[in-house]
2 protein chains.
Amino acid sequence: MSSTTSREALMQELEEAMRRSSAQGVMYGQAVANMAGISNSDMECMDILHLEGRVTAGRLAEVTGLTTGAITGVVDRLEKAGYVRRERDASDRRKVFISVVEEKAAEIGKFYVPMQDAMLKLWSGYSDDELRLLLRFANDGYKGVLEATEALKAVIDMPPEQRAELKMPPKSRR
Amino acid sequence: MSSTTSREALMQELEEAMRRSSAQGVMYGQAVANMAGISNSDMECMDILHLEGRVTAGRLAEVTGLTTGAITGVVDRLEKAGYVRRERDASDRRKVFISVVEEKAAEIGKFYVPMQDAMLKLWSGYSDDELRLLLRFANDGYKGVLEATEALKAVIDMPPEQRAELKMPPKSRR
DNA sequence: GCCTTATATCTCATTTACTAAGATAATTAG
DNA sequence: CTAATTATCTTAGTAAATGAGATATAAGGC
């Protein structure tokens, strides 16, 4: 077996493994939402708020792919439950910024303890150099997924006949 | 700064990076579901089918956390759209196995092309040894997340007073 | 300053998806 | 053979999403 083939087999295994673990990560998030008593959409918005900080209602709609009407509902529920606050922008009074109420959000954070424990345990088996590689990979991977998301959205705007020309990449067909 | 502190900082960065990229991965999946014209739940079930192969309706309910009634709806929609087939188990005629119709499912697979391209591009910047480390990490990570999911579900069954004792892990508070 | 167009969020009627409870049907245990 | 169990489906009611349009603010042209 050539080294090229082995590298391709490796990549295929890698794809499968990443797909598997990311699917399981989704399940974990759903379980957390369940326990916190909020919907998946609500949970996703909390995640975005954690990552991006104070964002507008419109940005939540853009990122989640929900309509602005649906976001109004999400924010209503989260605000009523005390997880977030609406804050009108003083300089542009059309905008509504959503910000997390940290004390209340910490209650949700508790449900991530089993996950954090598992990750700490996992990472303890790796050297500093190895962790640095993983960090580099995670950061590069984020950029890659971000680009891919943009590329996918570009497909949405393609005329159907051009869209049909999309092909699987050369050797990774299943 | 001690090397311990640096390692902890590294882990914290790693946690943030993984969280970020996995959140983006979720968005990507949603965009795919949107383009394929199916709901997130339907998409999730397709993913499970891809990973586990032929599974029963009950297993889908168990894994997704949806009720069996909701799964009936999911499978109805997917079957009507031609993505899956219902097959009654010959040896236990109560069971209904769901299996993917590969030719039709390939249409969804197309939407993963931008993601696969991005990953191939990303991985091309790593050596075989590095990719092997990533594979090991992804596999270990999957096991970790799986365990964490079980641990979390155990919390569900805890009496409230015991549940309240859950604490953040020593040094990773934010 | 007014009028038009653009932007940001919210409202509301309708549609879609989910839950809870229980019906149906097949299997297993006594 | 009957009772208890398991697996899926059905149905009524509820929750969340969409699509269209209302409201309110901002920005640009004249």
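What you see is a predicted model; the values in this text were computed from it and never measured.
Nucleic acid contact class of A/T64 (heavy atoms, under 4.0 Å, all strands): none. Across all strands, A/R59 comes closer than 4.0 Å to no nucleic acid atom at all (heavy-atom distances).
Contact record, B/S124 with A/M11: N-CE, 4.2 Å, taken as the closest heavy-atom pair. Across every non-hydrogen atom of B/N139 and A/A17, the tightest pair is OD1-CB, 3.5 Å. Nearest heavy atom pair, residue A/W123 against residue B/M18, reads CZ2-CG, 4.5 Å.
Going from atom CG of B/N40 over to atom P of D/dA16 covers 15 Å, rounded to whole Å. Atom CG of B/D42 and atom P of C/dA17 are 7 Å apart (whole Å). The separation between A/E79 atom CD and C/dC10 atom P is 9 Å, rounded to whole Å. Look at NZ on A/K95: it is 14 Å from P on C/dC10, rounded to the nearest Å. Distance, A/D92 CG to C/dT7 P: 12 Å, rounded to whole Å. For B/R88 and D/dA7, the CZ to C1' distance is 8 Å, given to the nearest whole Å. What separates CD1 of B/I98 from C1' of D/dC9 is a distance of 12 Å, to the nearest Å. Rounded to whole angstrom, the span from the CD1 atom of B/I38 across to the C1' atom of C/dT16 amounts to 15 Å.
Take B/N34 and apply the side chain to side chain contact (heavy atoms under 4.5 Å, CB included) test, not counting sequence neighbours, and it matches no residue. Annotation: ring-ring contact (aromatic ring centres under 6.0 Å, His included) contacts of B/Y142 (sequence neighbours excluded): none.
In the region residues 65-74 of chain B, proximity to DNA chain D at under 4.0 angstrom, judged on heavy atoms, holds for B/T68, B/G69, B/T72.
Taking a 4.5 Å side-chain heavy-atom cut-off between Ile, Leu, Val, Met, Phe, Trp and Tyr, the cluster of B/F97 contains only that residue.
Checking the phosphate oxygens (OP1, OP2) of D/dA7, no side-chain nitrogen or oxygen of B/T56 falls inside 4.0 Å.
Take the nearest nucleotide of DNA chain D for A/R77 and for A/R93: the residue whose nucleotide is more 5' is A/R77.
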For residues 78-86 of chain A, which side-chain donor-acceptor pairs fall under 3.5 Å, sequence neighbours excluded?
| from | atom 1 | to | atom 2 | distance (Å) |
| --- | --- | --- | --- | --- |
| A/E79 | OE1 | A/R86 | NH1 | 2.8 |
| A/E79 | OE2 | A/R86 | N | 3.1 |
| A/R86 | NH1 | A/D76 | OD1 | 3.1 |
| A/R86 | NH2 | A/D76 | OD1 | 2.9 |

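Salt bridge status for B/R19 with B/E16: absent, with no side-chain N to carboxylate O gap under 4.0 Å.
Enclosure of atom NZ in B/K104 by more than 12 non-hydrogen atoms of other residues, nucleotides or ligands within 6.0 angstrom is indicated.
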Pairs under 3.5 Å (N/O, protein and nucleotides 2-6 of chain C):
none

